[in-house]
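Written below as structure tokens is the structure these notes are about.
Here is the naming used below: chain letters follow the sequence lines, and residue numbers restart at 1 for every chain. Since this is a predicted model, take the numbers as computed values, not measurements. Just so you know, these numbers use all the heavy atoms, side chains as well, and skip hydrogens, waters and symmetry mates.
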Amino acid sequence: MRLRQVHNSSLRSLRSSNPRITKSLDTHKHVSNEKHFNKPSLKTDSDIVKSNIAITNYMRIGQCDSAQRLFDSLSKRSSVTWNAMISGYLSNNRFELAHQMFDKMPERDLVSWNVMLSGYVKNGNLGAAKLLFDRMPERDIVSWNSLLSGYAQNGYVDEAKMIFERMPQKNSISWNGLLAAYVQNGRMEDARRLFDSKEDWAVVSWNCLMGGYVRKKRFIDARRIFDRMVVRDEVSWNTMISAHAQCGELMEAQKLFDASPKRDVFTWTAMVSGYLQNGMLDEAKKVFDEMPEKNSVSWNAMIAGYSQMKSMDMARALFDAMPCPNISSWNTMITGYAQNGDIAHARHLFNQMPHRDSISWAAMIAGYAQSAHSEEALSLFVDMKRDGERINRSTFTCVLSTCADIAALELGKQVHGRTFKAGFESGCFVGNALLAMYCKCGSIDEAYDVFEDMADKDVVSWNTILAGYARHGFGEKALSIFNSMKAAGVKPDEVTMVGVLSACSHTGLVDKGSDYFYSMTRDYGITANAKHYTCMIDLLGRAGRLNDAKNLMKNMPFEPDAATWGALLGASRIYGDTELGEKAAQMIFQMEPDNAGMYVLLSNLYAASGRWGDVGKMRLKMRDSGVKKVPGYSWIEAQNKIHTFSVGDALHPQRERIYSFLEELDLRMKKEGYVSSTKLVLHDVEEEEKEHMLRHHSEKLAVAFGILTIPAGRPIRVIKNLRVCADCHTAIKYISKIVGRVVILRDSHRFHHFSDGLCSCGDYW
DNA sequence: ATAGGGTTAG
């Protein structure tokens, strides 16, 4: 704190050097005038100063009305009086009133212009700021610095650099402005080059560079900067402490905490959230209790920690105990209740809270949507406008992405309609959200309609529709999108190529995929990343070239991650290579010990090759390691509701109708030649498992329910949280043919379009 | 007495 004061006071003396000169000139003028005027004018001037101070103080405590009343009552005002009003209004977010003052004032001085300029910048109106800057009768270094930061804050890094180069003079604020422009926009290499180009950076600039490295998770670079600092203020220590806490190095964080010269609420809160992020709730609570002073951020961090650990009672106790909960505290509680499935408590708090912002509404809407209450979600969306909360583009984007997550197509369509009515359909943000919603909800044709109608498509739009086709199993279509994209002059990026390679993989185009993979550096300047390699391993594996896949993995320039091993495991499963599958699964267990899906995959692999002893061992291993199999469930949207099914579901109101329909289907399937693969492998399975296998899986129940409720001619869209079961996959192919319906199933990995006895995945997934 | 930059905790 002391260092910060030293720093600020040196700035202040710099800042005041000019006014002091002006003042002495004023005094001089005044003395010469005194021959003609009598004392009152001197008295009036000191009165003006007094009222200026009073205005500033009123504004500082937010009493704009009192300031305005005082201003109106004055008989004499100087330009400082006007400037104090303008600046006060701006700092109280009363932009319109500030603007009116600026227009009305009789004589504007340089400060008036600078105040307005920074007002526009803070208001995010860069265009107006630029116009004002051009209109200014004169400019000083303050004007230039304001404009520089305006460009930087709005992401115009190169323009900021041009301003910096055009500046007649530069001071430490200007240098810091350019550095911050790079850091804020993630251009750390440029920031570093600038930083190394000169000495004598201010402490804030050191902090700025260090903070940039922390945000990029480049903790070693951050620490090097910290160690090189000759002068450190509290912010420097706090940044470094939170960096160590974030990456789980709590011992080191604690060491710096103990060594830091002064600890403020930031320092303490950084330690609390460090422990929370690493799941150490008790330690976090201990530090929290020891904190000498807490503010709402500290309380909210602790509350969020409890709610993430599903301890809503503890979270609630803290919430009730905290002195002044702010809007974030309420939002944290609502989100916590909603995510823990307690929608009633969430709604109760939502109704009680004094003010709601767009985050409160989004949390509540998402809560309803995720707990299968789409009607309430939509009606809340409608209520929002009535409550006075403006529905803006980001609200639509947020609601659409909720629809996408839960594949609520009907709800999504209604939101689409409202988006259109509100005039928000144009623009990439909402357009891409719509596009993604239709893709993820399984309606690839509607996604394409949106895509075609988009006036301005960016690379994200192209990537979304391309990956959409690939995930739906329409590889050829995905590749033709890729060609149109190139023809439209849009440069493919890394994400595009992931889509292209996975399209080739899903379509079995091994040679074409390899060509793209090996030529993308030359053609588009894209270096293969882990995802590209994973696609290639998947592609080779699918084609049965397991050795090539293994070799590619051996030769890739980075360590394989769980997804890469997963691709190899998938291939071994299809081609029955138990040895390779075992190796891959072991690697995945090491990296993701909680990944229950892998135990299931591996034990299925054993079962397929008749190794029943190993299947049993897997079961024991799973039990001993405490991993809980994630229960599989499926859901379907019908009659404005989301219907959820679990294996052998006994809760659904229409279960009897569904089960008898499945019996009937079973007979017809057998006539067509269907043999249940589960029944083939039953002979060596324990009783409990047998029963499990004989019961209908959730996806089959949902499909049957869909056929019974969704009007003929419309596809049946089902979503499953895990991968589709192989037996159900076969069964649904038969069912699609028997009843003449299209079934679109989204599982945790991709889409399956079942139609006339076939699936778009080509039985590889 | 009025004006410019930046960094840390939810």
Side-chain angles (χ1 to χ4, degrees), chain A residues 4 7 11 14-16 18-19 23 45-46 48-57 59-60 78-88 90-91 109-119 121-122 139-150 152-153 170-181 183-184 201-212 214-215 222 225 232-243 245-246 260 264-274 276-277 291 294-305 326-329 331-332:
Chain A
R4 199 191 306 187
H7 175 73
L11 271 182
L14 248 175
R15 199 181 291 164
S16 56
N18 273 338
K23 206 178 212 169
D45 272 4
S46 84
I48 290 185
V49 171
K50 268 185 207 148
S51 22
N52 291 348
I53 295 172
I55 288 177
T56 308
N57 286 337
M59 286 300 198
R60 208 164 280 159
S78 68
S79 63
V80 175
T81 322
W82 288 88
N83 293 344
M85 286 299 294
I86 299 171
S87 146
L90 286 172
S91 54
D109 61 10
L110 184 53
V111 173
S112 329
W113 287 92
N114 282 343
V115 171
M116 255 340 269
L117 180 63
S118 76
V121 167
K122 277 187 198 128
R139 304 176 191 102
D140 66 357
I141 196 162
V142 175
S143 332
W144 284 93
N145 285 342
S146 299
L147 190 66
L148 172 63
S149 105
Q153 281 163 28
K170 300 175 178 74
N171 60 12
S172 70
I173 295 178
S174 328
W175 282 93
N176 191 59
L178 183 60
L179 184 75
V183 170
Q184 283 166 355
W201 286 91
V203 187
V204 279
S205 303
W206 285 83
N207 290 342
C208 179
L209 184 69
M210 177 168 61
V214 173
R215 231 178 304 145
I225 295 290
R232 299 184 187 119
D233 64 0
E234 265 179 75
V235 175
S236 324
W237 288 92
N238 290 345
T239 306
M240 212 53 237
I241 289 170
S242 110
Q246 268 175 48
S260 65
D264 63 7
V265 66
F266 280 86
T267 331
W268 285 91
T269 310
M271 288 305 295
V272 170
S273 40
L276 289 176
Q277 277 162 26
M291 278 179 83
K294 307 171 176 73
N295 64 13
S296 56
V297 176
S298 341
W299 285 92
N300 294 348
M302 206 56 225
I303 292 174
N326 61 14
I327 206 159
S328 299
S329 326
N331 290 345
T332 306

Taking only the side-chain nitrogens and oxygens of [X], find out if one of them lies under 4.0 Å from OP1 or OP2 of [N].
X	N	value
Gln184(A)	dG5(B)	no
Lys122(A)	dG4(B)	yes
Arg60(A)	dA1(B)	no
Ser242(A)	dT8(B)	no
Gln277(A)	dG10(B)	yes

From the list [options], which nucleotide is the closest neighbour of the side chain of [X]?
X	options	result
Ser87(A)	dT2(B), dT8(B), dG4(B)	dT2(B)
Asn114(A)	dA9(B), dG4(B), dA3(B)	dA3(B)
Ile141(A)	dT7(B), dG4(B), dA9(B)	dG4(B)
Val111(A)	dA9(B), dG4(B), dT2(B)	dT2(B)
Ala202(A)	dG5(B), dA1(B), dG4(B)	dG5(B)
Val297(A)	dG5(B), dG10(B), dA3(B)	dG10(B)
Ala84(A)	dT2(B), dG5(B), dT7(B)	dT2(B)

Ser87(A) OG to Asn114(A) CG distance, which is reported to the nearest 0.5 Å =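 Reported to 0.5 Å precision, the distance equals 11.5 Å.
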Please report, rounded to the nearest Å, how far the [atom2] atom of [N] is from the [atom1] atom of [X].
X	N	atom1	atom2	result
Leu276(A)	dA9(B)	CG	P	14 Å
Asn300(A)	dA9(B)	CG	P	15 Å
Leu117(A)	dA3(B)	CG	C1'	10 Å
Trp82(A)	dA1(B)	CH2	C1'	17 Å
Asn83(A)	dA3(B)	CG	C1'	8 Å
Asp109(A)	dG4(B)	CG	P	14 Å
Leu148(A)	dG4(B)	CG	P	14 Å
Ile55(A)	dA1(B)	CD1	P	14 Å

Check whether the side chains of [X] and [Y] place a donor and an acceptor atom closer than 3.5 Å, and report yes or no.
X	Y	answer
Asp264(A)	Thr267(A)	yes
Ser112(A)	Asn83(A)	yes
Thr332(A)	Ser329(A)	no

How would you label the contact of [X] with the nucleic acid (heavy atoms, under 4.0 Å): base, sugar-phosphate, or nothing?
X	answer
Arg139(A)	nothing
Val115(A)	sugar-phosphate
Asn326(A)	base
Asp140(A)	base
Ser298(A)	nothing
Leu147(A)	nothing
Lys294(A)	nothing

Would you kindly check whether a donor in the side chain of Asp264(A) faces an acceptor in the base of dA9(B), or vice versa, at under 3.5 angstrom?
->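 No pair found.
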Do Ser118(A) and dG4(B) have a side chain to base donor-acceptor pair shorter than 3.5 Å?
->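 By the distance-only test, no, there is no pair.
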If every non-hydrogen atom of Ser174(A) is compared with every non-hydrogen atom of Leu148(A), which pair is closest and at what distance?
->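 Taking every non-hydrogen atom into account, O-CD2, 3.4 Å.
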Where is the tightest heavy-atom contact between Val121(A) and Ser149(A), given as atom of each residue plus distance?
->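 So the minimum-distance heavy-atom pair works out to CG1-OG, 4.1 Å.
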Pick one: which of Leu179(A), Leu209(A), Asn207(A) meets side chain to side chain contact (heavy atoms under 4.5 Å, CB included) with Trp201(A)?
->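 The side chain to side chain contact (heavy atoms under 4.5 Å, CB included) with Trp201(A) is passed solely by Leu179(A) among Leu179(A), Leu209(A), Asn207(A).
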